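Throughout, protein chains are lettered first and strands after them, A, B, ... in sequence-line order, and every chain is numbered starting at 1. What you see is a predicted model, and the numbers here were worked out from it, not measured in a lab.
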Amino acid sequence: MPPSCTTRFEVTAYDLAATLDSGQVFRWRPTAGQWVGVVGARWVALASEPGAIVARTAVPCASWDWLADYLQIQTDLEAVLRAFPDDEPLRRAVAACRGLRLLRQDPWECLASFILSSTKQIVQIRQIIDRLCQHFGEPLAVPPGHVPAFAFPSPDRLARATEARLRGCKMGFRAPYLLAAARRVASGQTDLEALRRLPLAEGRSRLMELPGVGRKIADCVLLFAYGFPEAFPVDVWILKALRELYFPRRRVSPAVLQQFAAAHFGPWAGYAQQYLFHYIRTCAGRTGGTPPASGPRDSNVTLYADHP
DNA sequence: GCCCAGGTGAAGC
DNA sequence: GCTTCACATGGG
């Protein structure tokens, strides 16, 4: 097909807002009824229509495979949801935002973003990444009337930065972690492309060799960039969700909850995680505890709640 | 002012 | 092994 600045992906049950605004990615902004962001080296605007997503770029594209892959258009969401364990918390989480998807992000951008995420609120992570891209990213072509856009800075570019300049982006104590990670990736000591071919556990170990990368951040990268659907990042929100929804009024350690998740949520645990994360943050959270009235009727839940 | 945020690493039992 | 703490910064 001839190069074009627009295309249309036919897709049902794709909640663009929930997907782009659910803490898996930090570069999308709602702008005049659409979502404006950057994918790789391209400025992109996305809009929802009934049964479709309409995409627009600033520079004509001959192929749109890169965007279909990023948005994971081909994922059979209904099959994923059918494979979830049938329990009340997940039923509610899915009902609250059916159409939430997982993206397939660039490994370096995802890794760097989550190194910057620790003990930061999502709005602040966005601000830090904005500054990082403005200071160190390549400027991108943008349609007339839109604010400037920048690519996510490469490992090479950040490897040549100083810790002080990184701290200028207000990332605080995360600056030395990001700098060290950039240098390891830029030097080839860590080969992010080679990680695609490794089994989950091995990839996780390799990622955790990086300073500032523990189990949680490694699992975010494995899930959001490498597409391991069973990776299950456990952060403060997931702890809250699991405790309130599956272990009410019990003291359960993070390690036990991680084991519970691996055993309970199955091959698409990462998807379940994203639904629970979104649900506890937008619907159930806030008041600090509105544990729903399901109670012990749910055999699945009570079965697993008997862990020590 | 105080508490918390998509954590991690180091130091203390 | 497990618990506690420091680490920057900003929002509510």
Side-chain angles (χ1 to χ4, degrees), chain A residues 18-28 93 97 100-103 105 107 109-132 135 162-182 184 190 204-226 228 231-245 251-259 261 265 269-289 307-308:
Chain A
T19 300
L20 300 178
D21 199 30
S22 62
Q24 60 178 312
V25 65
F26 305 100
R27 302 210 62 200
W28 293 93
C97 50
L100 172 63
R101 308 282 186 133
L102 289 180
L103 300 168
Q105 301 180 50
E109 175 170 342
C110 187
L111 170 63
S113 295
F114 279 96
I115 286 175
L116 297 176
S117 75
S118 64
T119 56
K120 274 292 180 195
Q121 299 183 82
I122 289 174
V123 283
Q124 296 170 355
I125 302 167
R126 290 198 191 105
Q127 293 166 2
I128 293 170
I129 291 174
D130 268 354
R131 291 187 203 102
L132 184 72
H135 289 9
T162 64
E163 184 181 320
R165 288 259 291 144
L166 291 178
R167 281 179 186 266
C169 298
K170 304 301 180 186
M171 65 184 70
F173 63 84
R174 303 157 195 84
Y177 293 150
L178 179 62
L179 185 57
R184 282 185 69 127
T190 295
R204 178 185 291 135
S205 298
R206 297 300 308 278
L207 288 169
M208 288 176 67
E209 292 171 3
L210 295 164
V213 179
R215 171 70 184 253
K216 188 268 172 183
I217 291 175
D219 279 359
C220 284
V221 179
L222 291 164
L223 181 63
F224 301 141
Y226 292 111
F228 286 96
F232 194 96
V234 174
D235 74 322
V236 290
W237 286 103
I238 290 298
L239 285 179
K240 177 179 163 67
L242 293 179
R243 284 175 173 145
E244 288 186 7
L245 300 173
R251 276 184 35 222
V252 194
S253 73
V256 167
L257 290 171
Q258 184 96 59
Q259 287 178 342
F265 291 109
Y271 255 92
Q273 176 272 156
Q274 198 63 15
Y275 274 88
L276 291 171
F277 179 82
H278 193 267
Y279 176 65
I280 201 73
R281 274 177 30 90
T282 59
C283 305
R286 298 308 157 211
T287 61
H307 278 269

Output all residues satisfying side-chain hydrogen bond (donor to acceptor under 3.5 Å, both in side chains) with [X], sequence neighbours left out; order by chain, then residue number.
{"X": "A:Arg167", "answer": "A:Glu163"}
{"X": "A:Ser22", "answer": "A:Gln274"}
{"X": "A:Arg126", "answer": "A:Asp21"}
{"X": "A:Arg243", "answer": "none"}

(request) Determine whether A:Phe228 and A:Leu223 make a side-chain contact, defined as any pair of heavy atoms from C-beta on separated by less than 4.5 Å. (result) no
(request) Walk along DNA chain C from 5' to 3' and tell me the first and last nucleotide with an atom closer than 4.0 Å to a non-hydrogen atom of chain A. (result) C:dC7 to C:dG11
(message) Among residues at least two apart in sequence or on other chains, which ones pass side-chain contact (heavy atoms from CB on, under 4.5 Å) with A:Ser113?
(response) A:Phe26, A:Glu109, A:Ile129, A:Phe152
(request) For A:Ser205, enumerate each residue passing the side-chain contact (heavy atoms from CB on, under 4.5 Å) test, keeping only those at least two apart in sequence or located in another chain. (result) none
(request) Summarise how protein sits on nucleotides 5-10 of chain B as a single string, 5' to 3': B when a protein heavy atom is under 4.0 Å from the base, S for sugar-phosphate-only contact, - for no contact. (result) BBBSS-
(request) Between C:dC2 and B:dG6, how far apart are the C1' atoms? Round to whole Å, please. (result) 24 Å
(request) Determine the interatomic distance between P on C:dG11 and the same-named atom on B:dT8; round to the nearest Å. (result) 24 Å
Side-chain donor/acceptor pairs under 3.5 Å, residues 208-217 of chain A, sequence neighbours excluded:
unit_1: A:Glu209; atom_1: OE1; unit_2: A:Arg206; atom_2: NE; d: 3.4
unit_1: A:Arg215; atom_1: NE; unit_2: A:Asp219; atom_2: OD2; d: 2.9

